[in-house]
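Quick notes on the structure that follows.
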Amino acid sequence: MHTDLEGPTPKSVGAFYDQVNSIVARVQGGSMHHGYWTGPDDDSDFATASVRLTDMMIERVAARPGARVLDAGCGLGRPGVRLAKIAGARLVGVSVSEQDVRLANDLAHAESVADRVRFEQADMAELPFPDDSFDHAMAFESIMHVPDRMRALREIARVVRPGGRIVLTDFTVQAHGRDDDTLVKVYDSWRVAATPIGAEDYPEIAAQAGIVLDEVTDNTDHVKYSSMWTYLELRRYARDNPVPSEVDQILDVFAPTLKGTADRPPLTDTELEHGWRQMLTEEQTQGMVIVVARIPAP
């Protein structure tokens with residue numbers, strides 16, 4: 001199991017995604033973020049559920065044609081490119097992963113938006129842009145890779161003009177589960193750096209970051225299916241294809257069920273899905289929120 005003794009750094013997070021981004025995107029429907037399912041009877045595939053969540057973010061950013069948007073932690077660029085095409089906006093995305101940036105720029109060219117969409121390698125906690133250089137910003141499941149949320153939010157707020165919006169998603173954990181050994185291993189395997197928080201912590205986080213909080217929406221019951229499908233599809237992919245050690249580390253968290261043990265073969269895909277679905281009927285320890293904030297007027 002991988003372990004960063006002092007927590008993930010921008011360099012180690014970038015190196016991680018250099019290795020796994022294409023595989024994770026493959027099993028998560030083209031992007032690298034959760035999907036949104038309407039409920040247990042929603043049989044949407046991951047690609048459909050992923051776009052649904054992307055569109056919820058785009059709606060909240062509410063960029064007008066010509067607006068300049070920062071995508072902080074852009075992944076492979078699909079959400080940013082989609083926002084630019086739907087809103088008619090200009091977009092700059094940043095990632096600590098060199099491979100993210102290369103593939104995201106390839107996508108912008110393939111989608112014929114490279115004249116107003118670009119991606120570059122940068123740390124969202126140390127952005128290489130002047131003050132007030134963007135109208136809005138979004139951070140899609142990226143802020144949890146930064147050890148200090150407040151620092152990242154202050155830096156994003158610095159480059160967004162007064163009145164502009166910051167829209168982000170963040171992982172949450174119930175208080176009773178924050179020291180759970182499995183959760184620690186899951187976070188470590190995905191290079192999550194930030195201290196686990198609850199949705200109730202965001203008013204204080206926003207206040208310390210100097211931004212005005214407008215919305216905190218808990219989507220746990222709609223995104224909770226994402227982990228089940230991610231691990232199932234990663235296992236299927238790893239059975240048939242060579243994978244980097246980083247993917248093995250992700251699967252090793254649940255090795256007894258996903259990979260089997262000396263005393264027991266791995267559970268079948270059907271058995272695993274049944275077990276996951278049973279757990280998803282219970283109260284969830286891990287969750288996700290959408291956060292909408294704005295930069296106050298001076």
Side-chain angles (χ1 to χ4, degrees), residues 31 33-36 38 50-75 79-80 82-84 86-94 124-125 127 129 131-146 148-175 194-224 226 284 286-298:
S31 293
H33 62 73
H34 282 51
Y36 184 100
T38 57
S50 174
V51 169
R52 192 179 287 146
L53 186 58
T54 295
D55 287 348
M56 292 172 67
M57 294 283 283
I58 291 172
E59 180 182 3
R60 285 164 169 79
V61 174
R64 299 189 178 205
R68 196 159 188 250
V69 180
L70 170 69
D71 185 359
C74 61
R82 186 170 176 83
L83 181 149
I86 289 175
R90 296 172 294 157
L91 183 132
V92 178
V94 299
M124 65 188 293
L127 293 166
F129 308 117
D131 296 357
D132 303 340
S133 52
F134 293 93
D135 295 296
H136 309 292
M138 70 175 181
F140 220 135
E141 292 181 26
S142 55
I143 199 166
M144 64 283 299
H145 290 299
V146 181
D148 187 341
R149 280 182 179 85
M150 263 72 78
R151 178 182 174 186
L153 282 172
R154 289 190 193 106
E155 183 65 354
I156 294 171
R158 178 185 66 79
V159 303
V160 175
R161 64 169 176 79
R165 283 176 294 280
I166 299 174
V167 182
L168 62 90
T169 53
D170 200 352
F171 294 161
T172 58
V173 180
Q174 296 291 333
T195 302
I197 61 163
E200 68 279 4
D201 296 318
Y202 249 96
E204 179 63 21
I205 292 171
Q208 290 189 31
I211 58 180
V212 178
L213 190 64
D214 289 330
E215 175 191 347
V216 179
T217 299
D218 189 335
N219 286 304
T220 299
D221 285 341
H222 298 285
V223 305
K224 62 185 181 182
S226 301
Q284 300 299 294
Q286 301 177 64
M288 193 202 76
V289 290
I290 292 179
V291 177
V292 181
R294 58 191 155 83
I295 310 304

Only counting residues at least two apart or in another chain, list the ones meeting salt bridge (Lys or Arg N to Asp or Glu O under 4.0 Å) with Glu155. Arg158
Tell me which pairs pass ring-ring contact (aromatic ring centres under 6.0 Å, His included) where either residue lies in residues 149-175, with sequence neighbours left out. His34-Phe171
Does Ala199 offer a backbone N or O that forms a donor-acceptor pair with the side chain of Thr172 under 3.5 Å? no
Test item: His136 side-chain N/O and Val69 main-chain N/O as donor-acceptor pair under 3.5 Å: no
Run the salt bridge (Lys or Arg N to Asp or Glu O under 4.0 Å) test against Arg82 and tell me which residues pass, sequence neighbours left out. Asp55
Do any pairs count as a salt bridge (charged side-chain N to carboxylate O under 4.0 Å, His left out) and have a residue in residues 196-216, sequence neighbours left out, and if so which ones? Arg60-Glu215, Arg178-Glu200, Arg178-Asp201, Asp214-Arg294
Is there a side-chain contact between Thr38 and Arg52 (heavy atoms, below 4.5 Å)? yes
Just grab all the side-chain hydrogen bond (donor to acceptor under 3.5 Å, both in side chains) pairs involving residues 65-75, residues at least two apart or on different chains. none
Checking the side chain of Asn219 only, and the main-chain atoms of His222 only, is there a donor and an acceptor separated by less than 3.5 Å? no
Could you tell me which residues satisfy ring pair (Phe, Tyr, Trp, His ring centres under 6.0 Å) with Tyr202, sequence neighbours excluded, listed by chain and number? none
Would you say the side chains of Thr54 and His33 form a donor-acceptor pair under 3.5 Å? yes
For Met288 and Thr220, which heavy atoms make the closest approach, and how far apart are they? N-OG1, 3.3 Å
CD-NZ distance between Gln286 and Lys224, expressed to the nearest 0.5 angstrom: 13.0 Å
At what distance, to the nearest 0.5 angstrom, does CZ of Arg165 lie from CE of Met138? 13.0 Å
Nearest 0.5 Å please: distance from the CG atom of Leu70 over to the CD1 atom of Ile156. 6.5 Å
Please round to the nearest 0.5 Å and tell me the distance separating atom OG1 of Thr169 and atom CD1 of Ile290. 7.0 Å
Smallest heavy-atom separation, Pro162 atom then Pro296 atom, equals CB-O, 3.7 Å
Walk me through whether Val159 and Asp131 qualify under side chain to side chain contact (heavy atoms under 4.5 Å, CB included). CA-CA 4 Å; Val159 303; Asp131 296 357; 5.6 Å; no
Can you see which heavy atom on Gly35 is nearest to which on Ser226, and at what distance? N-OG, 2.9 Å
Is there side-chain contact between Phe140 and Met57, with heavy atoms separated by less than 4.5 Å? yes
Give, for atom CG of Leu53 and atom CD of Glu141, the distance between the pair rounded to the nearest 0.5 Å. 7.0 Å
What I'd like to find out is whether the side chain of Met144 reaches to under 4.5 Å of the side chain of Asp170, using heavy atoms alone. yes
Work out which heavy atom in Asp135 is nearest to a heavy atom in Val160; give both atom names and the distance. O-CG1, 3.6 Å
For the CD1 atom of Ile197 and the CD1 atom of Ile205, what is their distance to the nearest 0.5 Å? 3.5 Å
Mind listing the closest non-hydrogen atom pair of Leu127 and Val94 along with its distance? CD2-CG2, 4.0 Å
Taking the side chain as everything from C-beta on, heavy atoms only, tell me whether Ser31 gets closer than 4.5 Å to Pro79. yes
Taking the side chain as every heavy atom from C-beta outward, state whether Ile143 and Leu153 have any pair of such atoms under 4.5 Å apart. yes
Taking the side chain from Ser142 and the backbone from Ala72, do they hold a donor-acceptor pair closer than 3.5 Å? yes
